[in-house]
Amino acid sequence: MKKKGIIITLAILLAASIIALVVLLCSKIPNKNKEKKEVITLVSDSDIYITTDDKFTTLQNDGGSYYNREYVVDYNTLVATGYEDHYIGFEGFEYQHKEFYSKQLTQEDFKKLEKIRTDVALNPQEDVNKTYTYYTIGGYGGNYKIYNRETIEEIENILH
């Protein structure tokens, strides 16, 4: 009877050891989807946040792969910083909020972007052509969709 109890105890300990080993090994396997994510924070109420339509224009029928570009224009430094996400369908994000671009803007460029943001906030645009491709511009007061191609080109000219 003692032998049977010892064998059962050893079997339980062996099973627990195997489970612990598997858990330990799985936690050591790198996961590219657990890459450090940066948080984009608006430093002031006057910062401008712009999201492009790349998510829609690069979307693929492979499970939804896409690239997404976003810009933050810092009110204090007048620096436009671009961030990019790359999502691979059925696999997840290859990377998120990866900085890919930085440009020093002039005071005049910043004022143009502020004017665009104010105009779009006061006069919301509609997707009359049903393209579902739009930019958003925003900040502390909210985000607003931009469908007008001329306005989008003006933003692109300022940023690049």
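In this chain, numbering begins with 1 at the start of the sequence shown. All values below come from the heavy atoms of this structure, side chains included, with hydrogens, waters and symmetry mates left out.
Atom CD of Glu70 and atom CG of Asp85 lie 5.5 Å apart (nearest 0.5 Å). Here Leu105 contributes atom CG and Thr77 contributes atom OG1; the two are 8.5 Å apart, rounded to the nearest 0.5 Å. With rounding to the nearest 0.5 angstrom, the CG atom of Asp119 is 9.5 Å from the CD1 atom of Ile137. Remark: Asp109 CG to Ile155 CD1 distance equals 12.5 Å, nearest 0.5 Å. With rounding to the nearest 0.5 Å, the separation of CD in Glu114 from CZ in Arg117 is 6.0 Å. The structure places CG of Leu59 at 8.5 Å from OH of Tyr66, a figure rounded to the nearest 0.5 Å.
Of all non-hydrogen atoms in Ser65 and Gly89, the two that sit nearest each other are OG-N, 2.8 Å. Nearest heavy-atom pair across Val73 and Ala80 is CG2-CB, 4.0 Å. Between Arg69 and His160 the shortest heavy-atom distance is NH1-NE2, 3.6 Å.
Every residue meeting the side chain to side chain contact (heavy atoms under 4.5 Å, CB included) condition with Glu126, not counting sequence neighbours, appears here in chain and number order: Val128. For Asn143, there are no side-chain hydrogen bond (donor to acceptor under 3.5 Å, both in side chains) partners at least two apart in sequence or on another chain.
Tyr95 and Glu84 share a side-chain donor-acceptor pair at under 3.5 Å.
Hydrophobic clustering (side-chain heavy atoms under 4.5 Å, transitive across Ile, Leu, Val, Met, Phe, Trp, Tyr) groups Ile50 together with Ile152. In the hydrophobic clustering of this structure, Leu78 groups with Leu113; members are Ile, Leu, Val, Met, Phe, Trp, Tyr whose side-chain heavy atoms approach within less than 4.5 Å, directly or through other members. Residues Tyr71 and Ile48 are members of one and the same hydrophobic cluster, defined by side-chain heavy-atom contacts under 4.5 angstrom among Ile, Leu, Val, Met, Phe, Trp and Tyr. Transitive grouping of hydrophobic side chains (ILVMFWY, heavy atoms separated by less than 4.5 Å) brings Tyr144 and Tyr75 into a common cluster.
Panel note: side chain Lys103, backbone Ile158; a donor-acceptor pair is recorded below 3.5 Å. For Glu94 (side chain) and His86 (main-chain N/O), no donor-acceptor pair under 3.5 Å exists by modelled atom type. In this structure, the side chain of Thr81 does not engage the main chain of Ser102 through any donor-acceptor pair within 3.5 Å.
By the 4.0 Å N-to-carboxylate-O rule, Lys112 lies close enough to Glu108 to be salt-bridged with it.
Under the 4.5 Å side-chain criterion, counting only non-hydrogen atoms from C-beta, Thr51 is in contact with Tyr49. Between Asn68 and Tyr87 the shortest side-chain heavy-atom distance does not fall below 4.5 Å. Here the side chains of Ile146 and Ile116 are in contact, with some heavy-atom distance below 4.5 Å.
Phe56 pairs with exactly one of Tyr67, Tyr134, Tyr135 by the ring-ring contact (aromatic ring centres under 6.0 Å, His included) rule, that one being Tyr134.
Under a cut-off of 6.0 angstrom, the local environment of CD in Gln104 is crowded, with over 12 non-hydrogen atoms contributed by other residues, nucleotides or ligands. The number of heavy atoms from other shown groups lying within 6.0 Å of CZ (Phe100) is above 12.
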Evaluation steps, side-chain contact (heavy atoms from CB on, under 4.5 Å), between Lys145 and Asp127: CA-CA 9 Å; Lys145 294 178 181 175; Asp127 188 8; over 6 Å; no
